[in-house]
A.B. asks: 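Next up is a structure, given as C-alpha coordinates.
Scope of the values below: all heavy atoms of this structure, side chains included, with no hydrogens, waters or symmetry mates. We name chains A, B, ... by the order of the sequence lines, and we start the count at 1 in each one.
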Protein chains: 2
Amino acid sequence: MAKQKTANAVEKGEKKGSKRKLIVAAAQLFKTSGYDKTTVRDIANAVGITSGSIFYYFDSKEDLLEAVILYGISAGLEIIVAELEKKSTPTSRFHALVYAHLLALHGEPGNAHEVSSREWSRLPNDARARLKGLHERYRVIWTQELNALKDAEVLVGDEEMCRRIMVPALNWSSTWLNSKTKKVFEDIADNMCAGVLNISKQEFHSMRKAA
Amino acid sequence: MAKQKTANAVEKGEKKGSKRKLIVAAAQLFKTSGYDKTTVRDIANAVGITSGSIFYYFDSKEDLLEAVILYGISAGLEIIVAELEKKSTPTSRFHALVYAHLLALHGEPGNAHEVSSREWSRLPNDARARLKGLHERYRVIWTQELNALKDAEVLVGDEEMCRRIMVPALNWSSTWLNSKTKKVFEDIADNMCAGVLNISKQEFHSMRKAA
DNA sequence: GTCTATACAGTGATAGAC
DNA sequence: GTCTATCACTGTATAGAC
(Lines give C-alpha, C1' and ligand atoms only; values in the text may rest on other atoms or scores of the structure.)
Protein backbone atom coordinates (compact mmCIF):
# COMPACT_ATOMS: atom_id res chain seq x y z
CA MET A 1 0.00 0.00 0.00
CA ALA A 2 2.17 2.84 1.30
CA LYS A 3 5.10 2.88 -1.08
CA GLN A 4 7.31 5.24 0.86
CA LYS A 5 7.14 7.64 3.75
CA THR A 6 10.19 9.20 5.27
CA ALA A 7 13.35 7.13 5.12
CA ASN A 8 13.18 5.93 8.69
CA ALA A 9 9.48 5.24 8.48
CA VAL A 10 10.23 2.74 5.77
CA GLU A 11 13.27 1.28 7.41
CA LYS A 12 12.02 0.75 10.89
CA GLY A 13 8.33 1.53 10.72
CA GLU A 14 6.64 -0.15 7.77
CA LYS A 15 9.07 -2.96 7.35
CA LYS A 16 9.18 -4.00 10.95
CA GLY A 17 5.43 -3.57 11.05
CA SER A 18 4.87 -6.26 8.48
CA LYS A 19 7.38 -8.53 10.07
CA ARG A 20 5.63 -8.07 13.36
CA LYS A 21 2.25 -8.77 11.79
CA LEU A 22 3.58 -12.03 10.41
CA ILE A 23 4.97 -13.03 13.78
CA VAL A 24 1.70 -12.32 15.52
CA ALA A 25 -0.36 -14.15 12.90
CA ALA A 26 2.00 -17.10 12.89
CA ALA A 27 1.89 -17.26 16.68
CA GLN A 28 -1.88 -17.40 16.58
CA LEU A 29 -1.90 -20.19 14.01
CA PHE A 30 0.96 -22.14 15.57
CA LYS A 31 -0.90 -22.08 18.84
CA THR A 32 -4.23 -23.29 17.51
CA SER A 33 -3.08 -25.73 14.83
CA GLY A 34 0.49 -26.50 15.80
CA TYR A 35 3.64 -25.65 13.86
CA ASP A 36 3.58 -28.58 11.47
CA LYS A 37 -0.06 -28.35 10.50
CA THR A 38 0.15 -24.63 9.86
CA THR A 39 1.20 -23.92 6.27
CA VAL A 40 3.01 -20.83 5.07
CA ARG A 41 -0.06 -20.20 2.91
CA ASP A 42 -2.25 -20.09 6.03
CA ILE A 43 0.03 -17.53 7.60
CA ALA A 44 0.26 -15.42 4.45
CA ASN A 45 -3.49 -15.53 4.13
CA ALA A 46 -3.97 -14.33 7.69
CA VAL A 47 -2.05 -11.13 7.03
CA GLY A 48 -3.41 -10.62 3.51
CA ILE A 49 -0.35 -11.42 1.42
CA THR A 50 0.58 -14.42 -0.68
CA SER A 51 2.78 -17.25 0.45
CA GLY A 52 5.81 -16.27 -1.61
CA SER A 53 6.03 -12.90 0.11
CA ILE A 54 6.74 -14.47 3.47
CA PHE A 55 10.20 -15.39 2.25
CA TYR A 56 11.02 -11.76 1.71
CA TYR A 57 10.88 -11.38 5.50
CA PHE A 58 12.04 -14.78 6.67
CA ASP A 59 14.50 -17.22 5.18
CA SER A 60 12.37 -20.22 6.05
CA LYS A 61 9.37 -21.35 8.02
CA GLU A 62 11.71 -22.45 10.80
CA ASP A 63 13.19 -18.98 10.82
CA LEU A 64 9.72 -17.60 11.39
CA LEU A 65 9.17 -20.04 14.24
CA GLU A 66 12.35 -18.82 15.84
CA ALA A 67 11.12 -15.24 15.57
CA VAL A 68 7.80 -16.18 17.16
CA ILE A 69 9.52 -17.93 20.05
CA LEU A 70 12.01 -15.10 20.49
CA TYR A 71 9.13 -12.68 20.69
CA GLY A 72 7.24 -14.92 23.08
CA ILE A 73 10.11 -15.29 25.50
CA SER A 74 11.14 -11.64 25.34
CA ALA A 75 7.64 -10.34 25.89
CA GLY A 76 7.15 -12.78 28.74
CA LEU A 77 10.36 -11.71 30.41
CA GLU A 78 9.43 -8.05 30.12
CA ILE A 79 6.09 -8.65 31.79
CA ILE A 80 7.67 -10.67 34.57
CA VAL A 81 10.35 -8.08 35.26
CA ALA A 82 7.77 -5.30 35.25
CA GLU A 83 5.49 -7.09 37.71
CA LEU A 84 8.33 -8.08 40.01
CA GLU A 85 9.52 -4.49 40.20
CA LYS A 86 6.26 -3.46 41.81
CA LYS A 87 6.65 -5.81 44.77
CA SER A 88 9.18 -6.22 47.53
CA THR A 89 8.26 -8.94 50.02
CA PRO A 90 9.10 -12.55 49.10
CA THR A 91 5.49 -13.74 49.14
CA SER A 92 4.17 -10.80 47.12
CA ARG A 93 7.00 -11.23 44.63
CA PHE A 94 6.23 -14.93 44.38
CA HIS A 95 2.62 -14.08 43.62
CA ALA A 96 3.75 -11.47 41.10
CA LEU A 97 5.92 -14.02 39.34
CA VAL A 98 3.07 -16.49 38.97
CA TYR A 99 0.62 -13.75 38.03
CA ALA A 100 3.01 -12.39 35.41
CA HIS A 101 3.47 -15.83 33.92
CA LEU A 102 -0.30 -16.16 33.54
CA LEU A 103 -0.43 -12.68 32.02
CA ALA A 104 2.27 -13.57 29.53
CA LEU A 105 0.55 -16.80 28.59
CA HIS A 106 -2.96 -15.51 28.23
CA GLY A 107 -2.54 -11.80 27.68
CA GLU A 108 -1.24 -9.80 24.72
CA PRO A 109 1.79 -11.85 23.68
CA GLY A 110 -0.09 -14.96 24.75
CA ASN A 111 0.01 -16.98 21.57
CA ALA A 112 3.70 -16.47 21.07
CA HIS A 113 4.53 -17.24 24.66
CA GLU A 114 2.62 -20.48 24.58
CA VAL A 115 4.23 -21.46 21.31
CA SER A 116 7.59 -20.96 23.00
CA SER A 117 7.02 -23.87 25.33
CA ARG A 118 4.91 -25.98 23.00
CA GLU A 119 7.11 -25.94 19.88
CA TRP A 120 10.57 -25.55 21.35
CA SER A 121 11.37 -29.09 20.22
CA ARG A 122 10.75 -28.14 16.59
CA LEU A 123 13.62 -25.66 16.60
CA PRO A 124 16.88 -26.59 14.89
CA ASN A 125 19.92 -26.75 17.14
CA ASP A 126 21.47 -23.47 16.09
CA ALA A 127 18.25 -21.60 16.79
CA ARG A 128 18.03 -23.27 20.16
CA ALA A 129 21.56 -22.15 20.94
CA ARG A 130 20.72 -18.56 20.03
CA LEU A 131 17.74 -18.54 22.40
CA LYS A 132 19.47 -20.39 25.21
CA GLY A 133 20.59 -17.26 27.02
CA LEU A 134 17.14 -15.73 27.08
CA HIS A 135 15.71 -19.00 28.26
CA GLU A 136 18.24 -19.13 31.03
CA ARG A 137 17.12 -15.79 32.42
CA TYR A 138 13.77 -17.36 33.25
CA ARG A 139 15.39 -20.04 35.29
CA VAL A 140 17.51 -17.53 37.16
CA ILE A 141 14.53 -15.37 38.08
CA TRP A 142 12.59 -18.34 39.40
CA THR A 143 15.55 -19.59 41.39
CA GLN A 144 16.11 -16.16 42.91
CA GLU A 145 12.53 -15.71 44.01
CA LEU A 146 12.18 -19.23 45.36
CA ASN A 147 15.39 -18.86 47.31
CA ALA A 148 14.11 -15.65 48.83
CA LEU A 149 10.99 -17.53 49.76
CA LYS A 150 13.10 -20.16 51.41
CA ASP A 151 15.17 -17.62 53.32
CA ALA A 152 11.90 -16.21 54.61
CA GLU A 153 11.07 -19.73 55.76
CA VAL A 154 7.86 -19.74 53.76
CA LEU A 155 9.03 -22.40 51.35
CA VAL A 156 10.38 -25.54 52.93
CA GLY A 157 10.88 -28.02 50.11
CA ASP A 158 13.57 -28.02 47.44
CA GLU A 159 13.45 -24.86 45.32
CA GLU A 160 14.52 -26.60 42.13
CA MET A 161 11.75 -29.13 42.46
CA CYS A 162 9.34 -26.34 43.20
CA ARG A 163 10.31 -24.63 39.96
CA ARG A 164 9.94 -27.87 38.06
CA ILE A 165 6.47 -28.24 39.48
CA MET A 166 5.28 -24.69 38.99
CA VAL A 167 6.48 -23.86 35.49
CA PRO A 168 4.88 -26.76 33.60
CA ALA A 169 1.74 -26.36 35.69
CA LEU A 170 1.55 -22.74 34.60
CA ASN A 171 2.18 -23.57 30.96
CA TRP A 172 -0.52 -26.21 31.09
CA SER A 173 -3.05 -23.73 32.47
CA SER A 174 -4.16 -22.86 28.95
CA THR A 175 -6.07 -26.13 28.84
CA TRP A 176 -8.38 -25.31 31.75
CA LEU A 177 -8.28 -21.55 32.22
CA ASN A 178 -11.13 -19.88 30.35
CA SER A 179 -11.85 -16.52 31.86
CA LYS A 180 -9.00 -14.13 31.28
CA THR A 181 -9.52 -11.07 33.40
CA LYS A 182 -6.92 -9.49 35.61
CA LYS A 183 -8.99 -10.43 38.65
CA VAL A 184 -9.14 -14.09 37.65
CA PHE A 185 -5.40 -14.21 37.04
CA GLU A 186 -4.73 -12.80 40.50
CA ASP A 187 -7.07 -15.34 41.99
CA ILE A 188 -5.55 -18.30 40.15
CA ALA A 189 -2.10 -17.08 41.13
CA ASP A 190 -3.16 -17.02 44.78
CA ASN A 191 -4.53 -20.50 44.36
CA MET A 192 -1.39 -21.88 42.74
CA CYS A 193 0.95 -20.27 45.23
CA ALA A 194 -1.18 -21.58 48.07
CA GLY A 195 -1.21 -24.99 46.42
CA VAL A 196 2.52 -25.30 46.34
CA LEU A 197 2.90 -23.93 49.86
CA ASN A 198 0.12 -26.21 51.10
CA ILE A 199 -1.91 -23.49 52.75
CA SER A 200 -5.36 -22.16 52.01
CA LYS A 201 -5.83 -19.53 49.34
CA GLN A 202 -7.10 -17.08 51.93
CA GLU A 203 -4.09 -17.59 54.11
CA PHE A 204 -1.67 -16.97 51.29
CA HIS A 205 -3.62 -13.94 50.19
CA SER A 206 -3.43 -12.27 53.55
CA MET A 207 0.18 -13.33 53.87
CA ARG A 208 1.25 -11.48 50.75
CA LYS A 209 -0.92 -8.47 51.63
CA ALA A 210 0.68 -8.10 55.04
CA ALA A 211 3.59 -5.73 54.65
CA MET B 1 8.56 -64.87 7.67
CA ALA B 2 6.26 -67.37 9.41
CA LYS B 3 3.60 -67.98 6.80
CA GLN B 4 1.10 -69.84 8.91
CA LYS B 5 0.81 -71.58 12.26
CA THR B 6 -2.36 -72.94 13.76
CA ALA B 7 -5.54 -71.11 12.91
CA ASN B 8 -5.81 -69.23 16.19
CA ALA B 9 -2.14 -68.39 16.16
CA VAL B 10 -2.74 -66.52 12.94
CA GLU B 11 -5.97 -64.94 13.99
CA LYS B 12 -5.12 -63.70 17.44
CA GLY B 13 -1.42 -64.35 17.73
CA GLU B 14 0.34 -63.15 14.63
CA LYS B 15 -2.13 -60.51 13.65
CA LYS B 16 -2.39 -58.83 17.03
CA GLY B 17 1.34 -59.24 17.35
CA SER B 18 2.01 -57.13 14.29
CA LYS B 19 -0.54 -54.58 15.32
CA ARG B 20 1.12 -54.35 18.69
CA LYS B 21 4.53 -54.02 17.10
CA LEU B 22 3.29 -51.15 15.01
CA ILE B 23 1.82 -49.42 18.03
CA VAL B 24 5.05 -49.75 19.99
CA ALA B 25 7.20 -48.58 17.09
CA ALA B 26 4.86 -45.68 16.35
CA ALA B 27 4.87 -44.68 20.00
CA GLN B 28 8.65 -44.58 19.98
CA LEU B 29 8.78 -42.44 16.86
CA PHE B 30 5.90 -40.17 17.84
CA LYS B 31 7.69 -39.50 21.10
CA THR B 32 11.07 -38.65 19.66
CA SER B 33 10.06 -36.88 16.45
CA GLY B 34 6.47 -35.87 17.10
CA TYR B 35 3.37 -37.10 15.31
CA ASP B 36 3.55 -34.81 12.32
CA LYS B 37 7.20 -35.28 11.55
CA THR B 38 6.93 -39.04 11.76
CA THR B 39 5.97 -40.54 8.41
CA VAL B 40 4.17 -43.81 7.86
CA ARG B 41 7.28 -44.89 5.97
CA ASP B 42 9.36 -44.35 9.11
CA ILE B 43 6.98 -46.47 11.14
CA ALA B 44 6.81 -49.24 8.54
CA ASN B 45 10.58 -49.22 8.31
CA ALA B 46 10.94 -49.60 12.06
CA VAL B 47 8.98 -52.86 12.09
CA GLY B 48 10.41 -54.14 8.81
CA ILE B 49 7.42 -53.82 6.52
CA THR B 50 6.62 -51.35 3.77
CA SER B 51 4.44 -48.29 4.17
CA GLY B 52 1.49 -49.69 2.27
CA SER B 53 1.12 -52.58 4.68
CA ILE B 54 0.35 -50.29 7.58
CA PHE B 55 -3.05 -49.62 6.10
CA TYR B 56 -3.95 -53.27 6.36
CA TYR B 57 -3.90 -52.82 10.14
CA PHE B 58 -5.02 -49.24 10.51
CA ASP B 59 -7.41 -47.16 8.45
CA SER B 60 -5.25 -44.09 8.68
CA LYS B 61 -2.28 -42.58 10.45
CA GLU B 62 -4.69 -40.85 12.83
CA ASP B 63 -6.22 -44.22 13.58
CA LEU B 64 -2.79 -45.48 14.55
CA LEU B 65 -2.28 -42.47 16.79
CA GLU B 66 -5.53 -43.26 18.53
CA ALA B 67 -4.34 -46.83 19.10
CA VAL B 68 -1.06 -45.57 20.54
CA ILE B 69 -2.83 -43.21 22.92
CA LEU B 70 -5.36 -45.84 23.91
CA TYR B 71 -2.52 -48.18 24.74
CA GLY B 72 -0.66 -45.45 26.60
CA ILE B 73 -3.59 -44.52 28.79
CA SER B 74 -4.67 -48.10 29.46
CA ALA B 75 -1.20 -49.25 30.39
CA GLY B 76 -0.76 -46.21 32.61
CA LEU B 77 -4.03 -46.85 34.39
CA GLU B 78 -3.11 -50.47 35.01
CA ILE B 79 0.18 -49.49 36.58
CA ILE B 80 -1.46 -46.88 38.77
CA VAL B 81 -4.17 -49.24 39.97
CA ALA B 82 -1.61 -51.94 40.69
CA GLU B 83 0.61 -49.61 42.72
CA LEU B 84 -2.28 -48.12 44.64
CA GLU B 85 -3.49 -51.56 45.66
CA LYS B 86 -0.29 -52.16 47.54
CA LYS B 87 -0.75 -49.20 49.86
CA SER B 88 -3.35 -48.14 52.38
CA THR B 89 -2.49 -44.90 54.19
CA PRO B 90 -3.28 -41.61 52.42
CA THR B 91 0.33 -40.46 52.26
CA SER B 92 1.69 -43.78 51.05
CA ARG B 93 -1.07 -43.95 48.44
CA PHE B 94 -0.26 -40.42 47.34
CA HIS B 95 3.36 -41.41 46.91
CA ALA B 96 2.28 -44.56 45.05
CA LEU B 97 0.17 -42.48 42.67
CA VAL B 98 3.05 -40.17 41.81
CA TYR B 99 5.50 -43.06 41.62
CA ALA B 100 3.18 -45.00 39.32
CA HIS B 101 2.80 -42.00 37.05
CA LEU B 102 6.58 -41.78 36.73
CA LEU B 103 6.72 -45.52 36.07
CA ALA B 104 4.10 -45.26 33.35
CA LEU B 105 5.88 -42.33 31.74
CA HIS B 106 9.39 -43.66 31.80
CA GLY B 107 8.96 -47.40 32.13
CA GLU B 108 7.72 -50.06 29.70
CA PRO B 109 4.77 -48.30 28.09
CA GLY B 110 6.63 -45.02 28.44
CA ASN B 111 6.64 -43.82 24.90
CA ALA B 112 2.94 -44.43 24.42
CA HIS B 113 2.02 -42.81 27.70
CA GLU B 114 3.97 -39.71 26.94
CA VAL B 115 2.47 -39.51 23.48
CA SER B 116 -0.94 -39.58 25.14
CA SER B 117 -0.41 -36.23 26.76
CA ARG B 118 1.80 -34.72 24.08
CA GLU B 119 -0.29 -35.44 20.99
CA TRP B 120 -3.81 -35.47 22.39
CA SER B 121 -4.53 -32.29 20.48
CA ARG B 122 -3.81 -34.03 17.17
CA LEU B 123 -6.71 -36.42 17.66
CA PRO B 124 -9.91 -35.88 15.69
CA ASN B 125 -13.01 -35.20 17.76
CA ASP B 126 -14.58 -38.63 17.42
CA ALA B 127 -11.40 -40.31 18.63
CA ARG B 128 -11.26 -37.93 21.54
CA ALA B 129 -14.82 -38.82 22.44
CA ARG B 130 -13.99 -42.53 22.39
CA LEU B 131 -11.09 -42.03 24.80
CA LYS B 132 -12.89 -39.59 27.08
CA GLY B 133 -14.09 -42.22 29.51
CA LEU B 134 -10.68 -43.71 30.03
CA HIS B 135 -9.24 -40.26 30.46
CA GLU B 136 -11.85 -39.47 33.05
CA ARG B 137 -10.81 -42.41 35.21
CA TYR B 138 -7.46 -40.69 35.75
CA ARG B 139 -9.12 -37.61 37.06
CA VAL B 140 -11.32 -39.61 39.41
CA ILE B 141 -8.38 -41.48 40.89
CA TRP B 142 -6.46 -38.28 41.53
CA THR B 143 -9.46 -36.60 43.07
CA GLN B 144 -10.09 -39.57 45.35
CA GLU B 145 -6.55 -39.75 46.62
CA LEU B 146 -6.21 -36.02 47.11
CA ASN B 147 -9.49 -35.93 49.01
CA ALA B 148 -8.25 -38.69 51.28
CA LEU B 149 -5.14 -36.63 51.83
CA LYS B 150 -7.32 -33.69 52.75
CA ASP B 151 -9.43 -35.71 55.15
CA ALA B 152 -6.21 -36.77 56.82
CA GLU B 153 -5.39 -33.07 57.13
CA VAL B 154 -2.14 -33.53 55.28
CA LEU B 155 -3.22 -31.53 52.26
CA VAL B 156 -4.59 -28.09 53.02
CA GLY B 157 -5.01 -26.36 49.66
CA ASP B 158 -7.63 -27.00 47.00
CA GLU B 159 -7.45 -30.57 45.69
CA GLU B 160 -8.43 -29.65 42.15
CA MET B 161 -5.66 -27.09 41.95
CA CYS B 162 -3.28 -29.62 43.42
CA ARG B 163 -4.18 -32.05 40.65
CA ARG B 164 -3.72 -29.35 38.04
CA ILE B 165 -0.29 -28.64 39.42
CA MET B 166 0.89 -32.21 39.83
CA VAL B 167 -0.21 -33.84 36.60
CA PRO B 168 1.46 -31.47 34.12
CA ALA B 169 4.53 -31.34 36.34
CA LEU B 170 4.74 -35.12 36.15
CA ASN B 171 4.24 -35.18 32.40
CA TRP B 172 6.94 -32.59 31.97
CA SER B 173 9.41 -34.65 33.98
CA SER B 174 10.62 -36.35 30.81
CA THR B 175 12.56 -33.20 29.98
CA TRP B 176 14.77 -33.29 33.06
CA LEU B 177 14.65 -36.84 34.41
CA ASN B 178 17.51 -38.91 33.06
CA SER B 179 18.17 -41.79 35.36
CA LYS B 180 15.32 -44.25 35.27
CA THR B 181 15.77 -46.72 38.07
CA LYS B 182 13.09 -47.74 40.52
CA LYS B 183 15.08 -46.10 43.29
CA VAL B 184 15.26 -42.77 41.45
CA PHE B 185 11.54 -42.82 40.73
CA GLU B 186 10.78 -43.37 44.41
CA ASP B 187 13.09 -40.55 45.30
CA ILE B 188 11.64 -38.11 42.79
CA ALA B 189 8.14 -39.06 43.92
CA ASP B 190 9.10 -38.26 47.51
CA ASN B 191 10.51 -34.98 46.32
CA MET B 192 7.43 -34.02 44.33
CA CYS B 193 5.02 -34.99 47.07
CA ALA B 194 7.06 -33.06 49.56
CA GLY B 195 7.17 -30.12 47.16
CA VAL B 196 3.43 -29.86 46.90
CA LEU B 197 2.96 -30.36 50.63
CA ASN B 198 5.71 -27.86 51.39
CA ILE B 199 7.68 -30.10 53.68
CA SER B 200 11.15 -31.57 53.38
CA LYS B 201 11.67 -34.74 51.43
CA GLN B 202 12.85 -36.51 54.55
CA GLU B 203 9.79 -35.49 56.47
CA PHE B 204 7.46 -36.78 53.80
CA HIS B 205 9.42 -39.97 53.49
CA SER B 206 9.14 -40.82 57.18
CA MET B 207 5.51 -39.72 57.13
CA ARG B 208 4.54 -42.26 54.50
CA LYS B 209 6.68 -44.95 56.10
CA ALA B 210 4.97 -44.53 59.47
CA ALA B 211 2.10 -46.98 59.55
C1' DG C 1 -0.27 -60.58 5.32
C1' DT C 2 2.95 -58.17 2.83
C1' DC C 3 4.93 -56.09 -1.41
C1' DT C 4 5.30 -52.95 -5.49
C1' DA C 5 3.77 -49.28 -7.86
C1' DT C 6 1.41 -45.32 -8.10
C1' DA C 7 -2.31 -41.64 -7.56
C1' DC C 8 -2.95 -37.41 -5.86
C1' DA C 9 -2.89 -33.56 -2.84
C1' DG C 10 -0.44 -30.74 -0.74
C1' DT C 11 4.23 -28.53 1.12
C1' DG C 12 8.18 -25.23 1.52
C1' DA C 13 10.69 -22.54 -1.31
C1' DT C 14 12.47 -19.94 -5.75
C1' DA C 15 12.48 -16.80 -9.92
C1' DG C 16 11.23 -13.06 -12.18
C1' DA C 17 7.58 -9.62 -13.42
C1' DC C 18 5.55 -5.50 -11.69
C1' DG D 1 7.34 -5.21 -1.17
C1' DT D 2 4.17 -8.08 -3.26
C1' DC D 3 2.34 -11.20 -6.88
C1' DT D 4 2.15 -15.15 -10.03
C1' DA D 5 3.80 -19.25 -11.54
C1' DT D 6 6.15 -23.06 -10.80
C1' DC D 7 9.52 -26.48 -8.93
C1' DA D 8 11.07 -30.41 -6.42
C1' DC D 9 9.65 -33.01 -3.01
C1' DT D 10 7.13 -35.56 0.65
C1' DG D 11 2.89 -37.06 2.61
C1' DT D 12 -1.06 -40.35 2.97
C1' DA D 13 -3.53 -43.68 0.91
C1' DT D 14 -5.06 -47.16 -2.78
C1' DA D 15 -4.93 -51.25 -6.16
C1' DG D 16 -3.64 -55.35 -7.41
C1' DA D 17 0.05 -58.94 -7.62
C1' DC D 18 1.92 -62.61 -4.90
A.B. asks: Just how far, in rounded Å, is P of C:dG12 from CG of A:L29?
C.D. replies: 12 Å
A.B. asks: What is the distance from CG of A:D36 to P of D:dT10, rounded to the nearest Å?
C.D. replies: 16 Å
A.B. asks: Could you tell me how far apart A:K19 (NZ) and D:dG1 (C1') are, to the nearest whole angstrom?
C.D. replies: 14 Å
A.B. asks: Assign each of B:G52 and B:D42 to its nearest nucleotide of DNA chain D by heavy atoms, then name whichever residue's nucleotide is nearer the 5' end.
C.D. replies: B:D42
A.B. asks: Within this structure, what is the CG-to-P distance between B:N45 and C:dT4, rounded to whole angstrom?
C.D. replies: 12 Å
A.B. asks: Mind calculating the distance between NZ (B:K37) and C1' (D:dT10) to the nearest angstrom?
C.D. replies: 13 Å
A.B. asks: What is the distance, to the nearest angstrom, from the OH atom on A:Y57 to the P atom on C:dG12?
C.D. replies: 19 Å
A.B. asks: Can you tell me if the side-chain N/O atoms of A:Y56 get under 4.0 Å from OP1 or OP2 in D:dG1?
C.D. replies: yes
A.B. asks: Any idea which of D:dT2, D:dA13, D:dG11 is nearest the A:I49 side chain?
C.D. replies: D:dT2
A.B. asks: Give a yes/no on whether any side-chain N or O of A:T50 is located under 4.0 angstrom from OP1 or OP2 of D:dT2.
C.D. replies: no
A.B. asks: Would you mind telling me which of A:V98, A:I188, A:L97, A:V154 makes a side-chain contact (heavy atoms from CB on, under 4.5 Å) with A:C193?
C.D. replies: A:V98
A.B. asks: Going by modelled atom types, is there a donor-acceptor pair between the base of C:dG10 and the side chain of A:R41 at under 3.5 Å?
C.D. replies: no
A.B. asks: Among A:S179, A:S174, A:S173, whose side chain to side chain donor-acceptor pair (under 3.5 Å) with A:H106 holds?
C.D. replies: A:S173
A.B. asks: Between atom CD in B:E62 and atom C1' in D:dA13, what is the gap in whole Å?
C.D. replies: 13 Å
A.B. asks: Take the protein atom CZ of B:F55 and the nucleotide atom C1' of C:dG1, then report the distance between them rounded to whole Å.
C.D. replies: 16 Å
A.B. asks: Is the cationic atom of B:K87 (NZ for Lys, CZ for Arg) positioned less than 6.0 Å from the six-membered ring centroid of B:Y99 and within 45 degrees of its normal?
C.D. replies: no
A.B. asks: Main chain of B:E114, side chain of B:S117: is a donor-acceptor contact present, judged purely on distance under 3.5 Å?
C.D. replies: yes
A.B. asks: Which of the following nucleotides, D:dT12, C:dA13, D:dC3, is nearest to the side chain of A:S53?
C.D. replies: D:dC3
A.B. asks: Given the ring of A:Y56, does A:K19 sit roughly above its face, with NZ or CZ under 6.0 Å from the centre of the six-membered ring and within 45° of the axis?
C.D. replies: no
